[in-house]
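Below is one structure, written out as structure tokens; the observations come after it.
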Amino acid sequence: MKVFNPILSGFHADPSICCANGEYYIANSTFEWFPGVELHRSKDLKTWDSVPSPLSTTTLLDMAGNKASCGIWAPCLTYCEEEKLFYLVYTNVRSWNDRPFKDTPNYITTAPSIEGPWSDPWFVNASGFDASLFHENGKHWFINMEWDYRFTGPRQFSGILVQEFDTKLGKLVGECHKVFLGTDIGLVEGPHIFKKDKYYYLACAEGGTCYEHAETVARSEHIFGPYEVHPNNPLISAWGRDDAPVKRTGHGAWCHSPDGKKTWFVYLCGRPLPGTERCVLGRETGIAELEWKDGWPWVKQPDGSLDNIPPAYIELPGNEPDILPGQGAVHAAETYTFTDKKFLADFKLLREPYDDERYSLTERPGYLRMHGGMSPVCNFGQSLLARRQTEFTFTAVTKLEYNPTSFQHMAGMTYRYDEKKQYLCVLTHHETLGKVIQVLSIMPDGFTREMEVPMTHQDASPVWIKLEVTGKQGWFFWSEDGETWRKLRPLLDPSRISDEFDHQGFTGAFVGMYCADLIQYQHYADFEFFSYKGTV
């Protein structure tokens with residue numbers, strides 16, 4: 001059977017993979033979305049089940065006030081067989097585009113099981129980001145790229161550092177070694193060290209995280225080098241390859257199968273919205289099999305050849321139907337209700353943990369009562385729950401009851417990339433028209449507010465809001481009975497909800513529920529359900 005790339009669709013960036021206890025585990029970046037680090041597990045590489053995110057408390061992750069695309073960058077998940085412990089290394093980036101500096105504190109937490117409990121974190125260093133760990137003979141080697149603010153351009157990515165981390169002392173010990181300066185691709189980051197036979201292999205991302213992205217591999221008989229670069233470097237890249245099935249390929253990690261016979265490599269990739277160069281779904285996770293030849297890893301293609309182009313799919317044993325992009329992991333069709341917290345497996349919050357007072361399932365049983373938070377451009381205290389967009393074509397619907405009494409009350413649906421790139425369809429109040437619905441567009445080139453449409457029922461009677469996105473266009477609709485729908489202007493441009501539009505970011509499109517009270521931070525909306533149906 002064939003498993004097509006990407007295996008994790010929608011925003012699943014910077015994958016790290018490990019194999020432990022007969023299972024595979026993948027960790028992904030989450031940036032400003034809470035809880036931190038996305039985890040999936042699989043026994044067969046065919047289907048991937050979500051695991052509760054490990055950084056679910058402010059003790060482990062305090063992101064209050066973080067700017068967009070700060071937060072969790074490139075986590076590294078490893079398993080130490082000697083200690084029977086999972087190690088998670090992560091960066092909580094506090095600033096990244098305030099040149100020339102970056103503030104990148106790195107942490108380590110451990111757990112006996114992938115479900116936790118995760119230990120209180122060790123702070124390790126802040127000299128760079130994309131940190132990882134390599135375990136060998138009772139020692140733990142900490143690896144990170146170094147950021148040098150004194151320069152501009154590629155020279156700021158000044159090399160890869162390796163230093164021992166002592167778990168008894170909870171700190172780095174011994175000499176810090178700069179082991180690799182990168183190649184002429186430039187912008188070396190995302191380092192991981194692996195061991196096979198007599199060689200240490202250093203895998204690094206290079207070329208930035210856009211279309212020039214690549215994964216470089218070098219090897220040495222000594223952990224501190226010197227490292228020689230792969231004879232056909234990069235290991236994988238879609239740059240300059242019009243025939244590549246996915247683009248922006250790079251940043252990745254590999255692990256061996258439980259029997260040691262195969263090596264599986266997961267990597268970052270992106271799929272531009274057809275007819276554009278914008279990856280609305282964000283950076284996703286692809287997979288390839290590595291074949292070892294002359295002591296070097298090579299990407300195996302579906303026809304058995306070895307090349308550095310990302311493969312369209314991998315072949316796995318079995319007669320089951322082929323698994324199309326993302327089908328093995330993400331719910332492409334789901335109706336979420338609010339009788340319990342199971343819906344949170346697919347939803348995330350901005351920067352802060354779920355709060356039973358702000359998001360109550362008990363004040364009105366069967367409903368999610370969302371108390372209004374701050375404005376949609378604020379880095380603090382927004383009341384918002386959203387899930388990833390995982391297909392180019394989808395329909396999202398929610399039903400809510402809301403009785404706004406001020407223009408500063410608003411609740412409804414959000415379709416967003418970050419605070420500067422988002423659309424909202426909200427119920428609000430107009431001084432003469434009463435309860436109205438309108439579409440807000442918040443974009444780098446300006447704020448627009450479409451004409452308010454008065455509701456027939458001026459009380460808290462239910463209103464349905466729907467978003468239909470078909471590739472390069474989208475529309476909001478509203479209904480007062482769930483059957484008769486009215487389209488709302490303007491025509492939306494989903495390609496703006498992407499990394500590539502206007503300013504660089506690192507996440508992807510989300511759709512969900514939103515509520516604001518810009519007077520008292522308490523006026524609430526009751527949501528009865530939220531549904532998402534994507535077309536694979």
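Below, each value reflects all heavy atoms present in this structure, side chains not excepted, and no hydrogens, waters or symmetry copies.
T263 has its side chain out of reach of K196: every pair of non-hydrogen atoms, C-beta onward, lies at least 4.5 Å apart. The shortest distance between side-chain heavy atoms of E284 and L8 does not fall below 4.5 Å. A 4.5 Å side-chain heavy-atom check between H12 and I26 finds every atom pair outside the cut-off. Side-chain contact between N137 and K139 is absent, with no heavy atoms from C-beta onward closer than 4.5 Å. Counting only heavy atoms from C-beta outward, the side chains of F530 and L368 never approach each other to under 4.5 Å.
A distance-only check finds a donor-acceptor pair linking the side chain of S53 to the backbone of V37 [under 3.5 Å]. Side chain of S16 to backbone of L77: a donor-acceptor contact under 3.5 angstrom is found. E291 contributes no side-chain N or O that, together with a main-chain N or O of L306, makes up a donor-acceptor pair within less than 3.5 Å. Between the side chain of D14 and the backbone N or O of P75, no donor-acceptor pair lies under 3.5 Å.
Between the side chains of D44 and Y24, no donor N or O sits under 3.5 Å from an acceptor N or O. With 3.5 Å as the limit, one finds a donor-acceptor pair spanning the side chains of N125 and N144. No hydrogens or angles considered: a donor-acceptor pair under 3.5 Å links the side chains of Y336 and R387. E391 and Y532 are linked by a side-chain donor-acceptor pair at a separation below 3.5 angstrom, with hydrogens and angles left out of the test. T104 and W147 form no side-chain donor-acceptor contact under 3.5 Å, judged by distance and modelled atom types alone. Between the side chains of S127 and E146, no donor-acceptor pair of N or O atoms lies under 3.5 Å. A donor atom on one side chain and an acceptor atom on the other are found under 3.5 Å apart for D103 and S95. No hydrogens or angles considered: a donor-acceptor pair under 3.5 Å links the side chains of E136 and Y200.
Classification of the H192-F194 ring pair by plane angle, with boundaries at 30° and 60°, yields parallel. Ring orientation note: the planes of W96 and F506 are tilted relative to one another, at an angle of 30° to 60°. Ring geometry, H371 versus Y524: the interplanar angle exceeds 60°, so the pair is classed perpendicular (tilted spans 30 to 60°).
Classification of R41 and E115 as a salt-bridged pair holds, one side-chain N sitting under 4.0 Å from a carboxylate O.
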Problem set entry | Steps toward salt bridge (Lys or Arg N to Asp or Glu O under 4.0 Å) verdict (K341, D356) | CA-CA 10 Å; K341 294 182 180 180; D356 285 317; 2.9 Å; yes
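The ring-ring contact (aromatic ring centres under 6.0 Å, His included) test with F165 singles out one residue from Y87, F123, Y107, W122, and that residue is W122. For the ring-ring contact (aromatic ring centres under 6.0 Å, His included) criterion with F338, the lone passing option out of Y359, F343, F529 is F343.
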